[in-house]
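Shown next, in structure tokens, is the structure this report addresses.
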Amino acid sequence: MPIPTLKTILKHQNQCRVIGSRFKTSSVQYVASRFRDPTFEKLMDKYKNLLKVIAIQDLILANPTNNPPSVSLDFLSRLSQKLHLNRGAASFLRKYPHIFHIFYDPNKFQTFCRLTDAAMRVSRQEAEAINASLDVVVDRLVRLLSMSTTKSLPLRAVFKVWRELGLPDDFEDSIISGNSHIFKLVDAHEPNTHILMLTDEMRDKRFVACVENWRVMECCRENSAVDRTEIRYSFKHSYPPGMRLVRDFKAKVKEWQRLPYVGPYEEMGEKKRSKAGIMGLEKRAVAIVHEFLSLTVERMVEVEKISHFRKSLAIDLNIRDLFLDHPGMFYLSTKGKRHTVFLREGYERGCLIDPNPVYNARRKLLDLVVLGRHAMLINNESREKDTLFFLEKDMKGGV
């Protein structure tokens with residue numbers, strides 16, 4: 001039998017959580033009944049404000065004609081509801097004086113907001129990190145297209161996850177047009193819709209899924225007692241402290257681990273409607289979303305964004321339920337009025353185990369968000385110098 005696909009019941013036993021069998025419940029109840037991982041929940045508490053900061057930062061940087069780049073407070077106030085600034089734009093901006101600087105322009109008789117020197121420095125670091133890793137970015141995009149049954153994706157779907165994939169903001173020109181031997185854009189049947197495709201010479205390129213690297217490492221570890229036949233179709237699983245699994249669930253996970261499946265880069269072939277065929281399709285869907293998350297900069301993505309790829313990646317299941325069905329591989333958070341999924345194996349104590357330069361730059365901005373109004377100094381110039389010093393220490397491991 002596969003890992004159960006009915007909704008889980010969580011019970012309190014000896015002050016620990018126990019996963020039992022799943023019953024028919026609504027998706028809302030299923031989400032509400034999931035086990036909360038305090039480490040990821042704490043991380044999302046920070047991220048939900050970071051996402052708002054990034055949205056405002058993008059608006060500011062989109063006005064390069066202003067010197068320095070800035071937006072009016074009136075403009076941001078009109079967008080307060082869309083940006084989820086519950087107490088208004090001015091109140092939100094004042095919470096992060098290390099990121100935003102509010103000033104009055106006597107020539108325009110308006111109040112404006114710009115980024116502080118520290119925030120601008122972090123923004124430049126991220127842009128430099130992205131430009132230095134363009135080869136990696138191209139590889140990510142080729143891999144994503146290669147998982148599609150048609151080796152193509154709607155361009156609008158790629159736009160949804162451009163930041164998650166570490167693409168530059170001008171990727172349509174710098175990545176797609178700049179690599180015409182790899183990518184091509186064609187018009188879709190729908191108006192104003194474009195399809196991103198791999199060129200003919202790239203369609204037959206073969207890739208090894210990220211999980212395969214983990215399997216090899218597990219087998220090659222010193223004094224490894226791993227049975228190669230046991231791990232051949234397995235995925236790494238880990239559960240948070242306090243989450244105990246009933247014996248039946250463990251047995252079903254072990255059996256699911258042995259279940260053969262068609263990899264995310266392999267041709268799927270004809271769908272089998274037998275029980276074994278359906279179970280194999282479900283495991284293939286897990287392998288696809290696992291690989292998708294492995295390709296992201298921060299090993300995380302909003303569920304709504306990845307749902308735009310369902311049809312292209314031939315996933316016939318509810319993606320949100322798929323994540324909830326496999327709590328040892330994925331963690332779903334609902335913080336910040338959005339559903340965000342993390343690849344559990346990519347994190348340890350709220351940080352990426354294998355960080356990359358783009359992630360490191362973005363983490364600096366998160367550090368400024370967490371700093372909030374802390375270390376406030378009376379003089380703005382001194383405050384910004386103090387923040388830059390904080391970031392330099394952080395980069396050297398001093399914080």
[X], [atom1]: over 12 other non-hydrogen atoms inside 6.0 angstrom:
X    : atom1 : value
D354 : CG    : no
M268 : CE    : yes
K52  : NZ    : yes

Among the clusters formed by ILVMFWY side chains lying less than 4.5 Å apart, do [X] and [Y] turn up in the same one?
X    : Y    : answer
F292 : L281 : no
L93  : F112 : no
I306 : L322 : yes
F183 : L144 : yes
V303 : I288 : yes

Restricting to non-hydrogen atoms, name the atom on [X] and the atom on [Y] that form the minimum distance, rounded to 0.1 Å.
X    : Y    : result
M197 : V186 : SD-CG2, 3.6 Å
V297 : L165 : CG2-C, 3.8 Å
T199 : S180 : CG2-O, 3.5 Å
V137 : P168 : CG1-CD, 4.4 Å
L317 : A285 : CD1-CB, 4.1 Å
A89  : S80  : N-OG, 3.4 Å

Candidate pair I56 and L76, rule side-chain contact (heavy atoms from CB on, under 4.5 Å), full reasoning: CA-CA 8 Å; I56 298 174; L76 289 178; 4.1 Å; yes
Roughly how far apart are [X] [atom1] and [Y] [atom2], rounded to 0.5 Å?
X    : Y    : atom1 : atom2 : result
K236 : R344 : NZ    : CZ    : 11.5 Å
E41  : K46  : CD    : NZ    : 13.0 Å
R299 : S294 : CZ    : OG    : 6.5 Å
W162 : D170 : CH2   : CG    : 9.5 Å
C113 : Q57  : SG    : CD    : 10.5 Å
S91  : L85  : OG    : CG    : 9.0 Å

Going by distance alone, is a donor N or O of one side chain under 3.5 Å from an acceptor N or O of the other, for [X] and [Y]?
X    : Y    : answer
E345 : H290 : yes
Y359 : R363 : yes
W256 : E282 : yes

Using the side-chain contact (heavy atoms from CB on, under 4.5 Å) rule, pick out the option among L167, T296, V301 that qualifies with V161.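 Result for side-chain contact (heavy atoms from CB on, under 4.5 Å) with V161: V301.
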Would you check if [X] and [Y] make a side-chain contact, meaning some heavy-atom pair closer than 4.5 Å?
X    : Y    : value
D325 : Y30  : yes
L368 : T116 : no
L365 : I54  : yes
F309 : I319 : no
K160 : E164 : no
L332 : F40  : no
I231 : W214 : yes
Y239 : P327 : yes

Tell me if the aromatic rings of [X] and [Y] count as close, with their centers under 6.0 Å from one another.
X    : Y    : result
Y261 : F235 : yes
F323 : Y331 : no
F342 : Y347 : yes

Could you tell me whether a side-chain N or O of [X] sits under 3.5 Å from a main-chain N or O of [Y], the two making a donor and an acceptor?
X    : Y    : result
H98  : H374 : yes
K283 : Q257 : yes
N356 : V358 : yes
N318 : D321 : yes
R232 : R258 : no
K151 : L198 : no
R34  : V31  : yes
S148 : L153 : no
S72  : F75  : yes
Y265 : V208 : no

Is the shortest side-chain N to carboxylate O distance from [X] to [Y] below 4.0 Å?
X    : Y    : answer
D117 : R121 : no
R215 : E212 : yes
D74  : R78  : no
E298 : R362 : yes
D58  : R163 : yes

Relative to the ring of F103, is the ring of H101 parallel (under 30°), tilted (30 to 60°) or perpendicular (over 60°)?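 It falls in the parallel class, under 30°.
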Please step through side-chain contact (heavy atoms from CB on, under 4.5 Å) for the pair M300 and Y47, ending with a clear verdict. CA-CA 11 Å; M300 58 179 282; Y47 259 100; 4.0 Å; yes
List the steps, then state whether side-chain contact (heavy atoms from CB on, under 4.5 Å) holds for C210 with E291. CA-CA 6 Å; C210 292; E291 185 71 5; 3.6 Å; yes
Stepwise side-chain contact (heavy atoms from CB on, under 4.5 Å) check, D139 with F207: CA-CA 10 Å; D139 181 69; F207 293 99; 3.7 Å; yes
